[in-house]
Amino acid sequence: MGPQRLLRFLLPAAAFLALLFLSSLRLPEVQLSACVRGGRPCSWFGDRGETPPPRGDGKPSRLSRTSDSPLLLPRPGTPPPFRAPRCPGKGFQVSHLLEAFRACVNPNGEILLREYLLGWKELIKLMDSLGAAFGLIARETQMKMAIMQGHRLGPHGPHYRSLQAMVAFELQHGLVAFRELPPGQPLSGCRTLLRLHRALKWLELFLDKLGHSQPDADPSQMCAEAYQEALAPYHSWWVRQAAQLAFLALPSRQELYRIVCTDEEQEARAVLGATVSTIGRVYNITQQVYTAHSLLELP
Ligand SMILES: *[C@@H]1O[C@H](CO)[C@@H](O)[C@H](O)[C@H]1NC(C)=O
């Protein structure tokens, strides 16, 4: 084996080992068991009375309300929002994801950052249930979420209530770093959220492909294609290699459907379809705001 070929083999292998190491630092606690209640798979059409267990602090989750939240009341003439299955005892709840990303767009079309981050919190749980394969991206995403949370709770918090307010504030005060950041300057919210925005596209594309796939389709390939399209152009060579290898360890399509809490092909497609259009709406509005201010190419 010549040194060239050896190198071609060794570099991806080293990247993979680095990824395994990184993801082992934070092993997700997941069960890929099917959603079962009383010995039968969970059904979720018309399944109203169910409330999720309270959070650790004893307060019921604010987002656990669906029908009584004013933001979610269907307007006359519009169909009621799609009701996702509840999966008791599991970390990731697709219903929480839908509720957060629905509540994140207010009637004025503003993206509310608190709800946006709550939606991302569920997406992190989704990535965790996809296995160690997503460790690297989940970790990077969590760092971005922490930065955004810091802005929201910081001294300029009121300017970080919505995406639109944040963009206006940071542009007005020269806080958006259009080139490399000078050391010591706080990380710009616009720049940080752009990372989340790109990752959101990747998940949207992946879930879309999954929802339209044939039963014998390979999730690894769908995930890799979505990654190529949405995220790879922004990642370094190392991260790309590690990510591509990691996708090979993705659970089977059947297990992925169980993660969204159904065993049934038709139901799974409906859940995935609702998720994709809910996320897609938030993505599209964000994309418009970034485009309008020429912020899409931030370093
Ligand atoms: C988002 O925008 C794309 C491209 O303009 C469009 O095809 C898609 O239907 C939009 N999605 C939603 C949920 O509005």
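Numbers here simply count residues along the sequence, with the first being 1. Note that ligands are numbered from 1 as they come in the structure, with each ligand's atoms numbered from 1 the same way.
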Q: Cation-pi between Lys125 and Phe92: NZ/CZ under 6.0 Å from ring centre and within 45° of the ring axis?
A: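 No.
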Q: Measure the CG-CZ distance between Leu200 and Arg195 for me, rounded to the nearest 0.5 Å.
A: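 If we round to the nearest 0.5 Å, Leu200:CG and Arg195:CZ are 15.0 Å apart.
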Q: Ser277 heavy atoms, cut-off 4.0 Å: which ligand 1 atoms fall inside?
A: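 Atoms satisfying the 4.0 Å criterion: 13 (C).
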Q: Which ligand 1 atoms, with their elements, are less than 4.0 angstrom from a heavy-atom of Asn284?
A: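 Counting from 1, the qualifying ligand atoms are 1 (C), 2 (O), 3 (C), 8 (C), 10 (C), 11 (N), 12 (C), 14 (O).
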Q: Within a distance under 4.0 Å of any heavy atom of Gly280, pick out the atoms of ligand 1 and give their elements.
A: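 Under 4.0 Å from Gly280, ligand 1 has these atoms: 13 (C).
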Q: Would you please say whether a donor-acceptor pair under 3.5 Å links the side chains of Glu170 and Tyr160?
A: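 Checked: Glu170/Tyr160 side chains pair up, N/O donor to acceptor below 3.5 Å.
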Q: Is the shortest distance from atom 7 (O) of ligand 1 to a protein heavy atom below 4.0 Å?
A: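 When distances to the protein are checked, atom 7 (O) of ligand 1 has no heavy atom within 4.0 Å.
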Q: Return yes when at least one protein heavy atom is under 4.0 Å from atom 14 (O) of ligand 1, and no when none is.
A: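 Protein heavy atoms within 4.0 Å of atom 14 (O) of ligand 1 - there is at least one.
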Q: Answer yes or no: does an N/O atom from Arg281 fall short of 3.5 Å to an N/O atom of ligand 1?
A: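 No; the residue has no nitrogen or oxygen that sits under 3.5 Å from a nitrogen or oxygen of the ligand.
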Q: Using side-chain heavy atoms (C-beta onward) and a distance below 4.5 Å, is Leu210 in contact with Tyr257?
A: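 Side-chain contact under 4.5 Å: yes.
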Q: Is Tyr234 linked to Phe206 within one hydrophobic cluster, defined over Ile, Leu, Val, Met, Phe, Trp and Tyr using a side-chain heavy-atom separation of less than 4.5 Å?
A: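 The answer is no; the residues belong to distinct hydrophobic clusters.
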Q: Any protein heavy atom at under 4.0 Å, with atom 4 (C) of ligand 1 as the reference point?
A: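 Given the 4.0 Å cut-off, atom 4 (C) of ligand 1 does not count as touching protein heavy atoms.
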Q: Look only at the side chain of Gln164 and the backbone of Val289, and say whether a donor-acceptor pair between them is shorter than 3.5 Å.
A: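 A pair under 3.5 Å: no.
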